[in-house]
Amino acid sequence: MSATAASPLSRGELAALAPAGRGLFSIEGMWCPSCAAATERIIARASGVTRARVSFATGSALVDWDPDRVDLPALLRAVERLGYAIGPPRAPEETVAGIDAEIHRLGLRLAVAVFFGMWVMVLAIMRYLEPVALGSTPVGHALSIVAMGLVTPVVGFSAAPFFVAGWRTLRAGIPGMDALVSIGVVGAALLSVAELARGGAHIYADTMVMLIVLLSIGRLVEMRTVRRAASAIGALEREVPERAFPVDADGAVDAAEVAVDTDIRVAAGARVPLDGVVVEGATRVDASLLTGESTPVGVARDEPVHAGTINLDAPVTVRVTAGVGDRRIDRILGRMVEMQGNRSEITRLADRLARLLVPGALALAALVAVGGAALGLGAEEALLRALSVVVIACPCALSIAVPVTFLSFAERAMGRGVLFRSPATMERAGQLRHLLIDKTGTLTRGEPTVIGLRLADGVDEAELRHLAALAEAGVDHPVARALQDPVLVPDSGIHRRREGRGVIMTLPGGEAVRVGSRRWLAEAAITVPEDPAEAQTAVNAATRIHLARDGQWLGSFALGDPLRPAAPETVQRLVREGFVLQMVTGDGPAPAGRVAAEVGLAAEAVHAGCSPEDKADRVLAAQAHQPTAFIGDGINDSVAMAAADVGVAIDGASHAATSSAGLVVARGGLPALANALGLARAARRRMLQNLGLAVVYNGSAIPLAVAGVIPPSAAALAMLASSLCVMANAARPA
């Protein structure tokens, strides 16, 4: 029922953890959110523990404790007594593989339940249609025996995980649907066996089948949605290379084996594997992984570089200052794990209602059994009424109220280019009031483009563009892509040499063409005429790239990041609909302020220069007041997305950002997002209607079961009818 057990923590590992006050553990054996809730309850009860967050999606527990009072070995034993294996953190791919394996097993169990349950239902329908002919007769008795034989694989194989999870949640003191369904199935099975033993034919095989199949369907939907959180951390981790090239080694080695103060080589076009400082060479790096800003950043000797950034121009030598585990990207990954742990699926409204219903139904069933026998109903009748209470109270309609609504509305959203990854995401999206939005790639296109040219006298625009495209041909970084001509094939007869702030191209005729910054051209004794517009670079946020041929300045390009289509209109629409919008960006104050003014955001709604950790902290601060979403597109937005109630990835987002997001806009940009939020509000209203229908059903039917009006078999049919009503309501047009 679980993946390979985690390796137990050794005494040395426990001793190292004890004074730390915090630990991240992997937990094997959890197969549902109720398992995570039970584990969290057990850990939180342990002496010295101040806070515990268990995530089913990531298969992990993040625990804070008082080092002076905690007994870590006792804490681990308590979790293991609950039936789970606890060990060191696992790699993200191992977590995803475990979830995939559980989805496969659950699918197999559901297939077995449906196959055998189909024949059980056929026999049940025959008995309902001919109650006299197939009642307590030899034929009816024989058919009932066949039905119990067919239901055995459903109970023994398909329902096995429910029994285990139900027992564990009962032990933890938070019984949920697993516990109630398990009690209902066991009770129906015992009564059916007793009936057959005395020669009767009134069994409850159909009741058992419906309970197991309905809960299995809801659990399978749930399992498929939680896989996203587990894969998000792996997506970010894959952005950092695993190999490094030490100067004193012949080739590549594992980055984890490189010690601090080791000099490593980073080739042009390669990602930096470890944090360090440049000790030889100069280049530009794409730091969008950490800052979100697509404009390259120049780095020279004694300046820092971080793992995950891309060396764009020239090879450099870097002295390592932080190894694997201590890099800035590792701290970001740690924050992602923490944020995922804070987002327990148990917070869903349906689960909260189920937790209230389960203990009440069990208590009432026990009271009916004991009280009925005391009042002279007879042991059999009292048990039948108690079983009817359990079956009628089984929150199957409650358990599918949210998933079926999600499936109905998610299909409509996909037709509009929007993906909601889970019912919980859709529910929370319908509650949103506070939107934190990134700038680069979200409000803007995210790629520098030419927004203006300046030409020397006698220079043709086509000639200037052609020379720039030739010089930047074959180079893959944002500035080069802005100047390239996609139909131009690089000429092998042209020699190019990239330097930290530009490129030198030698044409076949010997002419030297330089493309780069004003300062770089000035260092080569090339005079660039002054331009008042260029003096406003900090104001208009344009990057100026100059071009010279044989020492003569020919012109310049102004590169900017234009707004996405309809960005101002969409921002104003969201404000009119009552949303509070703030820009949270890694860019500097000047470009952030310019974009904010263009889309109509006030200056006080702009937070510039934010690191990935700062963005997550902004999200947490906003969540203290209102449900909050973070809308972004970059890897650097992943932590904030994980922390938010709803993480939103806009079209064109990086793989890591898309993996972290619960809501993905595949096409349509910001207008599609605004429409999706409206659809989520309608879906949430429908979810509440379905939950209300389920609660009304339980509340009205339970008294009838207590009175003996509804036997267990009829209770199962009524339960099915209520589930069908919920499905029909979910399918209604919005």
Side-chain angles (χ1 to χ4, degrees), residues 106-163 180-220 380-381 383-394 396-397 399-400 697 701 704-705 708-725 727:
L106 183 55
L108 179 61
R109 290 189 176 98
L110 179 59
V112 169
V114 170
F115 176 78
F116 288 99
M118 173 179 64
W119 297 108
V120 170
M121 297 307 294
V122 168
L123 295 176
I125 291 171
M126 291 172 58
R127 188 164 60 84
Y128 292 143
L129 292 177
E130 295 290 343
V132 177
L134 297 178
S136 296
T137 65
V139 174
H141 183 73
L143 290 177
S144 296
I145 292 176
V146 172
M148 286 300 293
L150 290 170
V151 86
T152 299
V154 181
V155 174
F157 176 69
S158 300
F162 300 135
F163 296 147
L180 193 55
V181 166
S182 299
I183 292 172
V185 169
V186 170
L190 292 176
L191 286 174
S192 298
V193 170
E195 177 74 3
L196 290 177
R198 67 178 196 174
H202 296 289
I203 62 171
Y204 309 102
D206 52 339
T207 302
M208 292 182 272
V209 165
M210 281 189 285
L211 288 171
I212 294 167
V213 169
L214 286 174
L215 188 57
S216 297
I217 291 173
R219 189 57 47 79
L220 186 60
E380 182 180 351
E381 177 64 21
L383 288 174
L384 281 175
R385 293 191 184 188
L387 179 60
S388 295
V389 169
V390 172
V391 172
I392 210 77
C394 274
C396 291
S399 68
I400 67 171
Y697 155 76
L704 298 177
V709 176
I710 302 179
S713 56
L717 291 175
M719 178 191 66
L720 177 60
S722 69
S723 298
L724 292 175
C725 289
M727 293 178 186

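Starting from 1, each residue takes its place in the sequence as its number. Note that this is a predicted model, so its numbers are computed, not measured.
What you find for S158 and A113 is that their closest heavy atoms are OG-N, 3.4 Å. Listed here is the closest heavy atom pair of V186 and F163: CG2-CE2, 4.1 Å. Taking all atoms of both residues into account, the shortest heavy-atom contact from V120 to D206 is CG1-N, 3.9 Å. The two residues S192 and A205 have their closest heavy-atom pair at OG-N, 4.4 Å. Residues F157 and V112 approach most closely at CE2-CG2, 3.8 Å, considering heavy atoms.
Annotation: side chain of V146 is not in contact with side chain of W119 (no heavy-atom distance under 4.5 Å). Side-chain contact between F116 and V209 is absent, with no heavy atoms from C-beta onward closer than 4.5 Å. Within the 4.5 Å cutoff, the side chain of M148 has heavy atoms near those of the V193 side chain.
Distance CD1/I145 to CG/L123: 12.0 Å, rounded to 0.5 Å. Rounded to the nearest 0.5 Å, atoms OG (S144) and CD1 (I203) are 4.0 Å apart. Atom CE of M121 sits about 12.5 Å away from atom CG of L150, to the nearest 0.5 Å.
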